[in-house]
Amino acid sequence: MKHLLSIESLTAPEILEILNLAATLKATRGHEKHQPQQPLAGECWGLLFSKSSTRTRVSFEVGIRELGGDSLFLSSNEIQLGRGEPIEDTARVLGRMIHGAVIRTFKQSDIETFAALSGIPTINALTDEEHPCQILADLQTIKELRGTLDGLKIAFIGDADCNMGRSWIWAAARLGFELRLACPELYCPPAELIARARAAGASIMITESPEEAAQGADILYTDVWVSMGKEEEAEYRAAQFGPYQINDSVVAAAAPGAHVLHCLPAYRGKEITAEVFERHADAIFQQAENRLHAQKAVMTLLKS
Ligand code: CP
Ligand code: NVA
């Protein structure tokens with residue numbers, strides 16, 4: 001693995017290798033006699049962010065430090081990228097100075113261009129198309145909660161065409177669990193993408209009914225209705241997504257003991273009720289913690 005640009009670009013063995021290493025790094029974190037190697041020793045990684053972040057930024061900054069490296073946070077507003085310097089030039093400059101890049105931006109093609117032209121390991125820290133780091137942490141969490149990913153029914157309720165919905169589609173294609181998507185027709189991922197994922201082995205059911213998607217599901221998952229960059233559509237989206245909330249009646253349709261997950265940040269009263277959120281807060285914050293472990297595993301494997 002030279003880069004982590006998407007879940008789509010990973011193989012099943014690569015995903016499982018990341019999850020196994022993430023579990024080891026989590027189990028041995030802070031244990032003196034199990035100090036992991038420091039694969040980033042002597043390195044400086046850049047975090048290029050064009051969108052806000054709490055979890056991703058902090059988990060990468062801490063993770064890089066724990067792996068022996070240093071990091072630079074480069075908000076696009078504060079570097080020339082934000083004033084129109086092309087990504088191609090930014091990549092060729094930074095590739096000569098830093099040792100790895102973690103990029104949060106809009107266009108997937110920008111991180112692909114950066115990876116191709118910089119010559120340094122490049123990680124997708126969220127684009128409009130995918131959020132692979134989040135999905136890896138989610139898969140790690142589900143393995144911890146359920147013991148396995150095999151045979152699970154996972155229901156994603158909400159904006160299935162956002163980066164999280166699309167990342168779930170590729171995770172289903174690679175790992176073989178059953179994915180149900182409940183979304184308004186307007187926010188279904190493109191038919192071409194679904195067809196490609198199904199051809200790659202994904203079992204995907206699409207419905208406009210959250211209850212139908214939740215029926216007997218082991219995991220209920222949601223994300224914000226208004227992803228970063230879509231703020232001008234907030235009012236329209238609130239009307240469209242109103243029925244796509246994880247609430248008591250959706251949870252009641254799921255399998256007994258089903259887990260509810262959320263990538264965060266959460267908007268209570270919108271995509272999830274406050275009551276359901278608090279009842280499942282332990283698992284949700286376990287997901288957030290696992291960002292650190294999963295990303296340390298990714299960076300370690302990019303250096304191996
Ligand atoms: N889930 C997630 O990526 O959170 P941040 O936007 O806070 O990084
Ligand atoms: N779909 C959300 C994910 C936030 C972590 C967004 O892009 O804003």
Can you confirm whether [X] sits close enough to [Y] that some side-chain heavy atom of one is under 4.5 Å from a side-chain heavy atom of the other?
| X | Y | answer |
| --- | --- | --- |
| P265 | T54 | no |
| L67 | Q38 | no |
| L181 | C188 | no |
| W170 | P132 | no |
| P39 | T300 | yes |
| I7 | L136 | yes |
| L4 | M299 | no |
| L72 | L47 | no |

Would you say [X]'s side chain and [Y]'s backbone share a donor-acceptor pair under 3.5 angstrom?
| X | Y | result |
| --- | --- | --- |
| H3 | L5 | no |
| E178 | S203 | no |
| N163 | T127 | yes |
| H99 | W45 | no |
| S167 | I135 | no |
| N20 | A23 | no |
| Y244 | S209 | no |
| E66 | I64 | no |
| S53 | F49 | no |
| E211 | S249 | no |

Between [X] and [Y], what is the shortest heavy-atom contact and its length?
| X | Y | value |
| --- | --- | --- |
| L261 | A283 | CD2-CB, 3.8 Å |
| S6 | Q108 | CB-NE2, 4.1 Å |
| P189 | L193 | CB-CD2, 4.4 Å |
| G95 | I120 | O-CG2, 3.9 Å |
| S9 | E14 | O-OE1, 4.1 Å |
| A254 | A217 | CB-O, 3.6 Å |

Taking 4.0 angstrom as the limit, do [X] and [Y] come out as a salt bridge?
| X | Y | value |
| --- | --- | --- |
| K107 | E129 | no |
| E61 | R57 | yes |
| R291 | E289 | no |
| R92 | E88 | no |
| K143 | D138 | no |
| R166 | D161 | yes |
| R268 | E278 | yes |
| R146 | D218 | yes |
| E8 | R174 | no |
| K303 | E43 | yes |
| R237 | D159 | yes |

Check the pair S118 / L94 against side chain to side chain contact (heavy atoms under 4.5 Å, CB included), numbers first and verdict last. CA-CA 7 Å; S118 66; L94 294 184; 6.0 Å; no
Testing Q134, M228, M164 for side-chain contact (heavy atoms from CB on, under 4.5 Å) with L126, which one passes? M228
Can you find a side-chain donor-acceptor pair between E271 and Y267 that sits under 3.5 Å? no
How about N290 and T141: does a side-chain donor come under 3.5 Å of a side-chain acceptor? yes
Could you walk me through whether R104 and T56 pass the side chain to side chain donor-acceptor pair (under 3.5 Å) check? CA-CA 9 Å; R104 169 167 284 204; T56 309; 2.8 Å; yes
Centroid separation W168 to Y221 less than 6.0 Å: yes
Common cluster, [X]/[Y], ILVMFWY with side-chain heavy-atom separation under 4.5 Å:
| X | Y | result |
| --- | --- | --- |
| L149 | L220 | no |
| L16 | I142 | yes |
| V260 | I157 | yes |
| V224 | L264 | no |
| I284 | V251 | yes |

I need the [X] [atom1] to [Y] [atom2] distance, nearest 0.5 Å.
| X | Y | atom1 | atom2 | result |
| --- | --- | --- | --- | --- |
| T207 | Q215 | OG1 | CD | 11.0 Å |
| F60 | R55 | CZ | CZ | 14.0 Å |
| I87 | L48 | CD1 | CG | 6.5 Å |
| L19 | H293 | CG | NE2 | 13.0 Å |
| L186 | F241 | CG | CZ | 8.0 Å |
| E233 | E231 | CD | CD | 9.5 Å |

Do R180 and F156 pass the side chain to side chain contact (heavy atoms under 4.5 Å, CB included) test, and can you show the C-alpha distance, the side-chain angles, and the key distance before you say yes or no? CA-CA 6 Å; R180 289 103 170 260; F156 181 98; over 6 Å; no
Tell me, please, whether F106 has K51 positioned over its six-membered ring: NZ or CZ under 6.0 Å from the ring centre and within 45 degrees of its axis? yes
Flag yes if more than 12 heavy atoms outside [X] fall under 6.0 Å of its [atom1] atom; otherwise flag no.
| X | atom1 | result |
| --- | --- | --- |
| R198 | CZ | yes |
| E185 | CD | no |
| E235 | CD | no |

Side chain to side chain contact (heavy atoms under 4.5 Å, CB included) between E130 and N124: does it pass, once the steps are laid out? CA-CA 8 Å; E130 274 223 30; N124 177 354; 3.9 Å; yes
Passes side chain to side chain contact (heavy atoms under 4.5 Å, CB included), D282 versus Q286? Steps please. CA-CA 6 Å; D282 285 349; Q286 188 173 328; 5.6 Å; no
